[in-house]
Amino acid sequence: MNSTWTVARRELRGYFDYPTAYILVIAFLALGLFLTMRTLLAEHVGTMRPLFDLLPWLFAVFVPAITMRSLAEERRSHTLEWLMAQPLSESSVLFGKFLGNWLVVLIALAGTIPTALGIVAVAHADPGIIAAQYIGAMLLAALAVAVGLWASSVTRNQITAFILATSVSAVMVLIGMDVVTIGLPPVIGGIVARLSVVPHFENVARGVVDLRDVIYFVTAGAFFLTLAGAALARERLSHARGAWRRMRLGTVGVGVTVIVVNLLGGYLRGRIDLTRDRLFTLSPATRTMVHSLKDVVQIKLYVSKELPPDAQLGLRDVRDLLSDLASASGGNVQISEADPEINPDAARDAQSYGIRPVPFSTLRGNEYVAGRGWFGLVVLYANGHRTIPLLDHTDDLEYRLASFISALTSATKPKIAYLTGFGTPLLSDFQTLQDAVSDHDDLIAIEMPGDMMALSPDSIRVAIVAAPATPLDSATIRRLNEFVNGGGSLFVLLDNMVVSSEVGQPKRIDTGLIPFLAQHGVGFGTGLVFDLASNQQVMVGNGMVANFPLWPLGLPAGQHLTTHGLKQVSFAYTAPLMIQDPAHVQALLETSPRSGVHPVEAGADLQSFRVAPGDPISQQVLAVAVDPSAGAAPGAHPAGRMIVTGDSYWLRDQFNMVRQNPANLAFAANALDWLAQDETLIRIRSKDRTPPALSFATTGGADLFKWGNLAGVPLLFVLYGVLRIVGRTTRARRRWKGSEPSTSETA
């Protein structure tokens, strides 16, 4: 070990005693951070994914530039023979050079840590995800260094080593991309994709250190190091002797073992979920639900062996989740898997549950050939079932399965009333919400004022009042009060304006509910909230996008079950809310500090929006929860709960926000469950994997974050390099002068 570390230190000093390494490190940081900053500041997202998505490509060029001289230059200058003549084994030389080059790459990667710390500080990003991303980057760097050392070991020319290592690294990235796998048969494409670095790196970068991904990087790196070791040994061993043949057979054996281990690695289990909210681990609520089942629930997975490569990569997550459910249930959940392509009975069963084969295309020669595959599942309990015809995404699969199990095993479905009349939108305008809650809740429509007598807390748990365009009459408001005072809950989504067909010409509306809300401690503003720091992008002319301050992003205002795990909720043309009864009213969502209120009469389009220099800037509240039980005396019968938002467009299908931002639908479903006091599914549903918003209190803060990383970090490397190289030169001159003979000695 001491000899390995000696070689590593020699290698490390060999880089940082000369300008070459500093130039490469600064170029790596400048390019990577520049592209990252453009994405972060343009999209206002607090995540390091833009950098780590680029990393395989950056490493494919940067690492070969570092490693190309490691062995090739030693061989060209004939110092490799001298090095091997020292009391060092070939493995010590090889691993020492690997460790030295790996440390150089990690030092360069450390230059991105200030960016990560800034994101955690400003956006409160998940530090566990960022830690996993750096672990994945370290594994990726180790593999890239192994490839670079192998390329450097087979040639005397540094440029040849660079081109060879870059080519192999690029191929290992490319074989995982659709442009390559689409031209292969599905089975072959899936195998090739699993041998690519991209899916394994992305799996770790999402926040989960999986044993299968670690095995991939370790074994692939070991394979290239074995090839490099064989290249070093070929000059020492005689090709006519048995040792040479054994070494060749051993190298081939290592290569075959690497491929087999990675192809069979899908059957290995073991992972560490580093995410803050355990996003990729069964939640305690799910474990409790499946463990407490009174009877067996069956989950049947119908999947073809020949699937497109992207679906095959998602299949691993599906199987992992189903296995976790079965393990947590103690036998209450039984999993089975069938291939309808080879089993006609399975095909008939799948079709009876509404699962159909999905067509896909593969490239054969110069034309596309049609294929099909099955990838769906069904949950069975007693005489009921719930189906997912196509598992096209897995982000919310745990919630969907848990809600299916809850709905199938529950005796009754909670009733939610959508109140119509007084110009409210149609229930079909909330189709996304309706589809999401239909499996677990019974959503019915009640006409105001005619059918208001049906609004009873005994039969209706929650009533939704959404954007009336004309004032509610006194009888309807009185009935709403009776419903709330009797223990019923209200979900109130109000607009203080509507945008007419003529863009930018808003019309103020009066709902008649302002005094009603005031009685419950909620004030309703008259303008439109704008946020200069945390807002959404909209399409403008010529296909361009621009940030629209009147479409703010609501950020969680504190600890509340409805916002648990959520990052941001998209709003449009929302009114500010005021908390008039802090004892019973809590802010749920709020803007960034760089916000204010825009007059409705001033227009609501991007072109007319202006902030005057004297306009007040302060944080605004976008959603509140009213809980009369807070501070109530024991045994008292409190009124029902309420959640109020100053906007209904965030949940309507009109602006597509509820589809584009999963947190919108999650917040709405959480709100309904909290209002119904049925909170089992909230912690499961709220596993929000979208990155948080990146917003700064001042423009100066954004500029400091940007230029501190783009210029400050590379400048530190420049200063250190200058001091080290100049100091080394000065020390060398002093030693040289000290070794010169004096004048008296010469005489």
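Note that the numbering runs from 1 along the sequence shown for the chain.
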### Ring geometry between Phe571 and Trp650 (parallel below 30°, tilted from 30 to 60°, perpendicular above 60°)
tilted
### Query
Does Leu282 offer a backbone N or O that forms a donor-acceptor pair with the side chain of Thr286 under 3.5 Å?
no
### Query
Nearest heavy-atom pair of Ala116 and Ile130: which atoms, and what distance?
CB-CG2, 3.8 Å
### Message
When you measure from the side chain of Tyr134 to the backbone of Ala110, do you find a donor-acceptor pair of N or O atoms at a distance under 3.5 Å?
### Response
no
### Task
List the atom of Ala132, the atom of Val208, and the distance in Å for their closest heavy-atom pair.
CB-N, 4.3 Å
### Query
Under the side-chain contact (heavy atoms from CB on, under 4.5 Å) criterion, do Asn664 and Asn661 qualify, and how do the steps go?
CA-CA 6 Å; Asn664 280 33; Asn661 187 357; 3.3 Å; yes
### Query
Do Phe530 and Val597 come close enough that some side-chain heavy atom pair is under 4.5 Å?
no
### Message
Donor-acceptor check, side chain of Asp126 to backbone of Thr275, threshold 3.5 angstrom: yes or no?
### Response
no
#### Entry: Polar side-chain atom of Ser196 near backbone of Met172 as donor-acceptor pair, under 3.5 Å
yes
### Query
So, do Phe280 and Asp317 sit near enough that their side-chain heavy atoms are less than 4.5 Å apart?
no
### Task
Would you tell me whether Asn709 and Thr115 have side-chain atoms, one donor and one acceptor, within less than 3.5 Å of each other?
yes
### Query
Less than 4.5 Å apart, any side-chain heavy atom of Pro576 and any of Val621?
no
### Query
Is there a donor-acceptor pair closer than 3.5 Å between any side-chain N or O of Glu43 and the backbone N or O of Gln537?
no
#### Entry: Parallel, tilted or perpendicular: ring planes of Phe201 versus Phe52, cut at 30 and 60 degrees
tilted
### Message
Any side-chain to backbone donor/acceptor pair from Ser595 onto Ser592? Under 3.5 Å, distance only.
### Response
yes
### Task
Rounded to the nearest 0.5 Å, what's the gap from OG1 on Thr36 to CG on Leu55? Could you check?
9.0 Å
### Task
Show your reasoning for whether side-chain contact (heavy atoms from CB on, under 4.5 Å) applies to Leu174 and Trp57.
CA-CA 10 Å; Leu174 283 170; Trp57 292 107; 3.5 Å; yes
### Message
Tell me the closest heavy-atom pair linking Met642 and Phe516, and the distance in Å.
### Response
CE-CE2, 3.9 Å
### Message
Rounded to the nearest 0.5 Å, what separates atom CG in Asp277 from atom OG in Ser283?
### Response
11.0 Å
### Summary
The reported gap from CG in Leu715 to CH2 in Trp707 (rounded to nearest 0.5 angstrom) is 13.5 Å
### Task
Please lay out, stage by stage, how Leu589 and Leu555 fare under the test side-chain contact (heavy atoms from CB on, under 4.5 Å).
CA-CA 5 Å; Leu589 298 167; Leu555 311 176; 6.0 Å; no
### Query
CG/Leu665 to CG/Asp396 distance, rounded to the nearest 0.5 angstrom?
9.0 Å
### Message
Are Tyr22 and Phe717 an aromatic pair, judged by ring center distance below 6.0 Å?
### Response
no
### Query
Strictly by modelled atom types, are Ser570 and Gln568 linked by a side-chain donor-acceptor pair under 3.5 Å?
no
### Task
Measure up the Phe705 and Phe696 rings against each other and bin them: parallel (under 30°), tilted (30 to 60°), perpendicular (over 60°).
tilted
### Message
Applying side-chain contact (heavy atoms from CB on, under 4.5 Å) to Leu29 and Thr112, what does each step give before you reach the verdict?
### Response
CA-CA 7 Å; Leu29 291 174; Thr112 65; 3.8 Å; yes
### Message
When you compare the side chain of Leu40 with that of Val45, does any pair of heavy atoms fall below 4.5 Å?
### Response
yes
### Message
Within the 4.5 Å heavy-atom criterion, are His598 and Val529 side-chain neighbours or not?
### Response
no
### Query
Any Lys/Arg nitrogen of Asp273 or Arg206 sitting under 4.0 Å from an Asp/Glu carboxylate oxygen of the other?
no
### Summary
Minimal heavy-atom distance between Pro50 and Thr39, with the atoms involved, is CG-CG2, 3.7 Å
### Query
Got Leu106 and Met138 here, is their nearest side-chain heavy-atom distance under 4.5 Å?
yes
### Task
Provide the closest heavy-atom pair for Phe59 versus Ala137 in the form atom of the first, atom of the second, distance.
CE1-O, 3.7 Å
### Task
List for me each residue that meets side-chain hydrogen bond (donor to acceptor under 3.5 Å, both in side chains) alongside Asp653, sequence neighbours excluded, and say none if there are none.
Thr432
### Query
What are the two closest heavy atoms between Leu513 and Pro468, and how far apart are they?
CD1-CG, 4.3 Å
### Validation row: Arg652, Val658 side chains within 4.5 angstrom (heavy atoms)
no
### Message
Can a side-chain donor-acceptor contact be found between His200 and Asn203 if the only test is distance below 3.5 angstrom?
### Response
no
### Query
Would you say the side-chain atoms of Gln133 pair up with the backbone N or O of Gly128, donor to acceptor, closer than 3.5 Å?
no
### Message
Any non-hydrogen side-chain atom of Leu588 less than 4.5 Å from a side-chain atom of Ile643?
### Response
yes
### Message
Using the side-chain hydrogen bond (donor to acceptor under 3.5 Å, both in side chains) criterion, which residues pair with Gln586? Sequence neighbours excluded.
### Response
none
#### Entry: Identified side chain to side chain contact (heavy atoms under 4.5 Å, CB included) counterpart of Asp531 within the set Thr591, Thr574, Leu622
Thr591
### Summary
Output for pair (Asp703 CG, Leu41 CG), nearest 0.5 Å, gives 9.0 Å
### Message
Is the ring pair Tyr573/Trp551 parallel, tilted or perpendicular, if the boundaries are 30 and 60 degrees?
### Response
perpendicular
### Query
Any chance the side chains of Asp647 and Thr645 put a donor and an acceptor closer than 3.5 Å?
no
### Query
Hey, does the side chain of Arg641 reach the backbone of Trp674 with a donor-acceptor pair shorter than 3.5 angstrom?
yes
#### Entry: Side-chain donor or acceptor of Ser489 paired with backbone N/O of Leu675 under 3.5 Å
yes
### Task
Using atom types as modelled and distance alone, determine if a side-chain donor or acceptor of His560 lies under 3.5 Å from a backbone N or O of Thr562.
yes
### ring pair (Phe, Tyr, Trp, His ring centres under 6.0 Å) between Phe655 and Tyr649, intermediate numbers included
CA-CA 7 Å; Phe655 292 145; Tyr649 294 106; 5.1 Å; yes
### Message
Taking atom CZ as the centre, does Arg38 end up with more than 12 heavy-atom neighbours from other residues, nucleotides or ligands that are less than 6.0 angstrom away?
### Response
no
## Note on the structure
One should read off an interatomic distance between Asn496 CG and Leu494 CG, to the nearest 0.5 angstrom, of 9.0 Å
